[in-house]
Number of protein chains: 2
Amino acid sequence: MKVLTKKTDYAIRALLMLAASNGRYLSAKAISDEQDIPYQFLRGLLQELIRLGHVVSKEGARGGFMISRDPDEIRVKQLIEAFQGKVQVSECMFRKQICANRAKCVLRHEIMRIEEVVNNEFERITIGSLLHNLKRIQGQPPA
Amino acid sequence: MKVLTKKTDYAIRALLMLAASNGRYLSAKAISDEQDIPYQFLRGLLQELIRLGHVVSKEGARGGFMISRDPDEIRVKQLIEAFQGKVQVSECMFRKQICANRAKCVLRHEIMRIEEVVNNEFERITIGSLLHNLKRIQGQPPA
DNA sequence: TTATCTGATATCAATATAGTATCAGTTTAT
DNA sequence: ATAAACTGATACTATATTGATATCAGATAA
Ligand code: FES
Ligand code: FES
């Protein structure tokens, strides 16, 4: 079971790179090369990130993409939901005889707790927090 | 993002039903009808459950399937791993420049914590515990 | 000795994921 | 002005995963 698809993984990596490049536009090409993300795939992905409001673009030569909101406000949970849909254990696990009434289904309740835990964790993690950790382990490169 | 596939869902429901039917063999047909699981799909699934050691079968008329181990020992985690593979966030999330060295990658470390949480939760839940809850909410049917 | 079952296997359909290609239009630099 | 470096938009293909069917042989019970 894979929790993050490639697309989400790519999105996170691209956003991290964009978050790290303060004020400069990065081209899809640059991100693709640096992060080993298939170019055309990334192109599409970046457009989605624009629609989601995470980045803005500038057309033409020397154009590219720039992050457009505080990295601390971009939560991994948002990205997962955008690219993979809401985290849900299963549409509705126990039907018919087993589950008399959906409303007070205890099993459902129990299983849904897991969803909450997962969601909380992914909500906690932001592009900002990831970047922070990255810098910490890499050490500040001599500016 | 769907945590449980239909197959895992079906497996859990089938096992619950088998666990509830003490000592009697249940036919695939009976389970299929009761649980709304496509018959042939269930057939294959039951064979897998045999290979996994969770159930045994009896051929011929009046044959069927019977649970073969303590429901408390059948963990949802086992089932997920059998049918969907191990829970893993992504093969390896941050590569190349971003992640200098895999060994001490903090991001990886952080993200893997989530895997652990999920795994722990699913390890806690067994067919036995689910059945227990089921009986509790349904009330013991007049024996 | 037939109806009711499982064993084993093959095949197919639907969906989701991953990746590629193309062309039009915008901007910068020369 | 015009070529080079870019994005916007969209269509397409490939691959993998998941979900579902179909078939036939063989076992068992009534
Ligand atoms: S899980 Fe859907 S009614 Fe209980
Ligand atoms: S996640 Fe793979 S090296 Fe950091």
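Numbers restart at 1 for each chain; the letters A, B, ... are given by sequence-line order, proteins then strands. Since we're looking at a predicted model, the values are computed, not measured.
- The cluster map of Ile, Leu, Val, Met, Phe, Trp and Tyr, joined by side-chain heavy atoms under 4.5 Å apart, puts A/Val76 and A/Val87 in the same cluster.
- In this structure, the side chain of B/Gln78 engages the main chain of B/Arg75 through a donor-acceptor pair within 3.5 Å.
- Here the side chain of B/Gln35 pairs no donor or acceptor atom with the backbone of B/Ser32 at under 3.5 angstrom.
- In this structure, B/Arg124 places its CZ atom where more than 12 heavy-atom neighbours from other residues, nucleotides or ligands lie under 6.0 Å away.
- Under the 4.5 Å side-chain heavy-atom criterion for ILVMFWY residues, no single connected hydrophobic cluster contains both A/Val117 and A/Leu4.
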statement: Nucleotide by nucleotide, nucleotides 3-8 of chain D touches protein heavy atoms under 4.0 Å in the pattern (B base, S sugar-phosphate only, - none) --BBBB
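- Between the side chain of A/Asn119 and the backbone N or O of A/Glu115, at least one donor-acceptor pair lies under 3.5 Å.
- In this structure, A/Leu45 places its CG atom 15 Å from P of D/dA9, rounding to the nearest Å.
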For residues 41-58 of chain A, which side-chain N or O atoms pair as donor and acceptor with protein atoms under 3.5 Å away, sequence neighbours left out?
unit_1	atom_1	unit_2	atom_2	d
A/Arg43	NH1	A/Tyr39	OH	3.4
A/Glu48	OE2	A/Lys7	NZ	2.6
A/His54	ND1	A/Arg69	NH1	3.0

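- B/Leu49 has its CG atom 13 Å from the P atom of C/dT6, to the nearest Å.
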task: Using a 4.0 Å cut-off on protein heavy atoms (strictly under), produce a 5'-to-3' string for nucleotides 10-17 of chain C with B for base contact, S for backbone-only sugar-phosphate contact, and - for none.
output: --------
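- Of the possible donor and acceptor atoms, one in the side chain of A/Gln84 sits under 3.5 Å from a partner among the backbone N and O of A/Val3.
- One atom, CD of B/Glu48, and another, P of D/dG19, lie 12 Å apart when rounded to the nearest Å.
- A/Leu42 has its CG atom 14 Å from the P atom of C/dA18, to the nearest Å.
- B/Leu4 has its CG atom 18 Å from the P atom of D/dT17, to the nearest Å.
- A straight line from CZ of A/Phe41 to C1' of D/dA14 spans 13 Å, rounded to a whole angstrom.
- No chain of hydrophobic side-chain contacts below 4.5 Å, direct or via other Ile, Leu, Val, Met, Phe, Trp or Tyr residues, connects B/Tyr25 to B/Ile127.
- For the pair B/Ile80 CD1 and D/dT18 P, the computed distance is 13 Å after rounding to whole Å.
- Straight-line distance from the OH atom of A/Tyr25 to the P atom of C/dT26: 17 Å, rounded to whole Å.
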